[in-house]
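Worksheet for the structure shown next.
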Amino acid sequence: MKRRIQLLPDHVANQIAAGEVVQRPASVVKELIENAVDANAQHINLLVKDAGKTLVQVIDDGDGMTDTDARLSLERHATSKISKAEDLFKIHTKGFRGEALASIAAIAHLEMKSKTDDSDIGVQINVEGSEVSQQIPTVTPTGTSIAVKNLFFNIPARRNFLKSDSVELKHIIDEFQRVALAHPDISFKMIHNGNELFNLPQSNLRQRIVGIMGSKSNEKLVPVSEDTDLIKIRGFIGKPEFAKRSRGEQFFFVNNRFIKNNYLNHAITMAYEGLLKDKTHPSYFLYLEIDSERIDINIHPTKTEIKFDDQHAIYSILQSAIKHSLGQFNIAPSLDFEKDSSFETSYRQHKNPAKLPEIEVDRDFNPFKEEKQNPRPQASFQQSSFQHEKKAVPSNWEDLYNVESAIADDQQQTNLFEDKQVEQSSKSFQLNNKYIVTPFKSGVLMMNQHRAHFRILYEELLKNITEQPAASQQLLFPLELSLNVHSIEIFKELKESLENTGFSFTKMTNQSVVINGIPDMIQESQVDQIIDELFSEFENEIPETGFESNTILAKSLAKNMAIKNGISLKEDEQQQLINSLFYCKDYLQTPDDKQIFINLSVDDIDKKFA
Ligand code: ADP
Ligand code: MG
């Protein structure tokens with residue numbers, strides 16, 4: 001019989017192994033940067049084109065490699081970092097498996113240039129799908145540069161599986177940030193399609209965090225420090241009031257390696273108990289140092305999980321360290337002597353001259369006069385969203401009121417509609433400043449005011465974005481918003497749509513955006529919060545298409561602009577809300593699928609009395 005079992009050729013074995021190590025361009029970024037860190041680099045530059053689909057290049061000024069090492073580094077299981085089994089239990093480097101370069105070389109075009117300090121001439125090696133196509137001496141600075149082009153060129157299925165550039169870029173930025181946060185003493189740069197996204201000089205930890213998260217983050221950080229025999233904890237946590245809706249700013253490092261650990265995350269969340277608003281997550285940047293024999297990191301090449309000998313003890317120590325820091329922060333402002341003074345004030349306070357507190361007195365106030373037409377705090381509410389004219393009967397009116405059985409002809413239906421208008425304008429009231437209750441011929445309608453407004457604004461904003469840009473109110477004093485790199489990238493994609501909703505922008509840098517116009521419907525004081533929420537929405541859920549992006553945008557803006565429950569409304573405002581709602585395409589549910597009103601018919605009421 002013919003032999004059926006054969007050893008796979010190397011390049012096939014490498015391709016299979018590559019599937020484990022390299023899932024997307026971000027995996028290449030991670031492996032290359034970690035190698036540079038392991039090689040003792042002081043400066044690491046990352047160049048990316050088309051979210052890594054065309055090029056990922058990492059240039060370092062580390063130890064470099066000799067010709068032989070450079071060639072060997074591309075073989076599978078070739079590593080300088082461990083040599084015997086025992087070494088696995090005391091790993092101090094990021095890499096140790098010796099598979100990354102071999103895997104990447106199996107599925108991309110790789111060009112490596114490297115030189116050690118004690119040689120004058122370096123080496124250049126080109127590999128395409130595991131085949132070395134050239135190896136020549138070259139002039140290059142000490143250190144290593146590895147360029148990875150056309151990732152997955154020989155695995156079309158994988159290549160097609162890649163997500164949009166914005167998704168892939170977000171993964172790359174995530175990996176970049178994790179390594180950069182773990183090594184503030186190394187300088188990092190990242191350039192994407194010619195734009196410098198990060199330029200992080202060597203610094204202390206606090207400065208590094210601020211460099212990555214944006215200058216606004218400085219005021220939000222509280223230091224954490226704890227030393228025990230088992231573990232040393234350092235780092236910063238976010239003040240509770242700045243907790244965000246996304247989990248984007250949660251970082252754990254164990255011995256300078258980024259890890260995820262739900263159990264320890266829980267310890268932190270519990271330490272914040274009672275201090276957080278609903279559905280928000282605290283930021284944290286925590287560095288645990290522990291004897292490397294007490295942890296097991298050798299689980300999977302791309303996994304960020306880690307096992308601890310003594311999870312429970314670490315849980316308690318961590319929790320109490322966080323509580324301690326939060327407690328200190330509550331009684332006394334924290335001092336940080338390492339802090340760079342230029343980070344001292346928030347961006348807002350920087351710009352504005354100090355003001356004396358003033359008290360405003362309404363000198364015309366007369367308690368016996370009829371109520372004046374004061375502008376209300378929710379002035380926005382009265383504008384634009386209720387400018388629907390009295391048009392023909394909307395088609396949905398009919399099903400809403402379930403009139404088809406009662407009404408036979410058009411004539412009567414129109415009457416009913418008009419009748420309803422009359423009825424509404426005389427009889428609606430607010431329950432608990434939350435529900436608007438209106439009687440109509442065959443029952444009572446109870447509508448949640450926030451949800452109704454949410455739906456109305458959503459449809460209006462979508463229309464602004466796609467067909468009919470909204471008017472903008474110009475600001476006398478433009479607002480400067482400071483943003484982190486994630487937000488800037490998101491912002492670039494949303495800019496045009498935001499402009500259609502009435503925002504206008506002037507200057508934009510890598511750190512901030514200047515807003516000089518805002519939609520008619522909102523007030524200046526709301527802008528910060530609305531934009532913040534918007535970005536956390538996009539960090540949670542990255543849209544794949546422009547359409548999806550528009551709906552997320554409209555949804556987030558509408559939700560935050562919509563009138564809150566608990567606000568009292570005049571009767572004509574209530575009327576406008578009801579009328580505008582029933583001109584909406586989908587007036588039954590909010591954009592996030594919650595019921596907007598309930599409709600109690602006389603029949604239902606009769607049943608209750610039965
Ligand atoms: P590992 O990092 O697990 O050892 P890699 O495949 O990532 O495996 O790298 C193989 C070897 O190549 C490393 O052990 C190291 O000796 C060498 N190497 C890789 N990248 C660099 C670099 N940027 N500078 C110096 N040496 C490097
Ligand atoms: Mg490596």
Side-chain angles (χ1 to χ4, degrees), residues 10-11 13-23 26-47 56-85 87-108 110-119 122-127 130 132 135 138 140-148 151 175-176 178-179 182-183 186-189 255-258 292 297-304:
D10 262 2
H11 69 274
N14 281 343
Q15 244 188 46
I16 294 172
E20 292 264 288
V21 182
V22 185
Q23 275 129 11
S27 328
V28 175
V29 168
K30 171 174 186 280
E31 296 297 336
L32 296 186
I33 299 187
E34 288 190 347
N35 280 346
V37 171
D38 284 344
N40 305 306
Q42 293 296 301
H43 299 90
I44 300 177
N45 291 348
L46 168 65
L47 304 176
V56 171
Q57 180 170 17
V58 172
I59 304 165
D60 70 55
D61 60 353
D63 300 336
M65 286 176 272
T66 62
D67 304 14
T68 349
D69 277 355
R71 182 68 178 254
L72 259 179
S73 71
L74 298 163
E75 297 293 323
R76 203 137 54 98
H77 307 305
T79 178
S80 54
K81 299 169 192 174
I82 58 173
S83 55
K84 46 189 186 303
D87 293 348
L88 272 176
F89 300 100
K90 34 180 194 263
I91 284 168
H92 296 286
T93 51
K94 307 263 169 199
F96 56 87
R97 296 183 186 81
E99 322 180 280
L101 289 186
S103 302
I104 296 167
I107 51 168
L110 185 148
E111 179 180 293
M112 172 191 280
K113 287 184 186 173
S114 197
K115 184 179 94 63
T116 56
D117 211 17
D118 46 18
S119 105
V123 60
Q124 172 176 340
I125 302 180
N126 289 65
V127 196
S130 297
V132 176
Q135 173 163 356
T138 189
T140 180
T142 298
T144 306
S145 154
I146 297 181
V148 176
L151 186 66
E175 294 295 352
F176 176 87
R178 290 168 185 177
V179 190
H183 299 279
I186 301 176
S187 102
F188 286 92
K189 256 190 208 166
N255 299 350
N256 285 337
R257 181 189 293 274
F258 173 82
S292 52
I297 46 179
N298 187 16
I299 301 178
H300 188 275
T302 58
K303 292 271 158 66
T304 41

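Computed over heavy atoms, backbone and side chain alike; hydrogens, waters and symmetry mates excluded. We count ligands from 1, going down the list as the structure has it; atoms in each ligand are counted the same way.
For D60, the closest heavy-atom approach to ligand 1 falls below 4.0 Å. The shell of residues lying under 4.0 angstrom from ligand 1, judged by heavy atoms, includes M65.
Taking distance alone, with nitrogen or oxygen atoms compared against 3.5 Å, A39 stays at or beyond that limit from ligand 1. At under 3.5 Å, a nitrogen or oxygen of N35, whether backbone or side chain, sits near a nitrogen or oxygen of ligand 1.
The backbone N or O of I59 sits nowhere less than 3.5 Å from a side-chain atom of N45 that would complete a donor-acceptor pair. Distance alone, capped at 3.5 Å, is enough to place a donor-acceptor pair between the D61 side chain and the Q42 backbone. Formation of a donor-acceptor pair under 3.5 Å by the K115 side chain with backbone atoms of S119 is found in this model.
Close approach of ligand 1 to T144 is summarised as follows: ligand atoms under 4.0 Å from at least one heavy atom of the residue are 22 (C), 23 (N), 24 (N), 25 (C). Interface of A100 with ligand 1, defined as ligand atoms under 4.0 Å from a residue heavy atom, comprises 6 (O), 7 (O).
Closest of all the heavy-atom pairs between A36 and V58 is CB-CG1, 4.4 Å.
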Discussion item. Could you go through S103 and E31, starting from their C-alpha distance and side-chain angles, then the distance that decides it, and tell me whether this counts as side-chain contact (heavy atoms from CB on, under 4.5 Å)?
Written reply: CA-CA 10 Å; S103 302; E31 296 297 336; over 6 Å; no

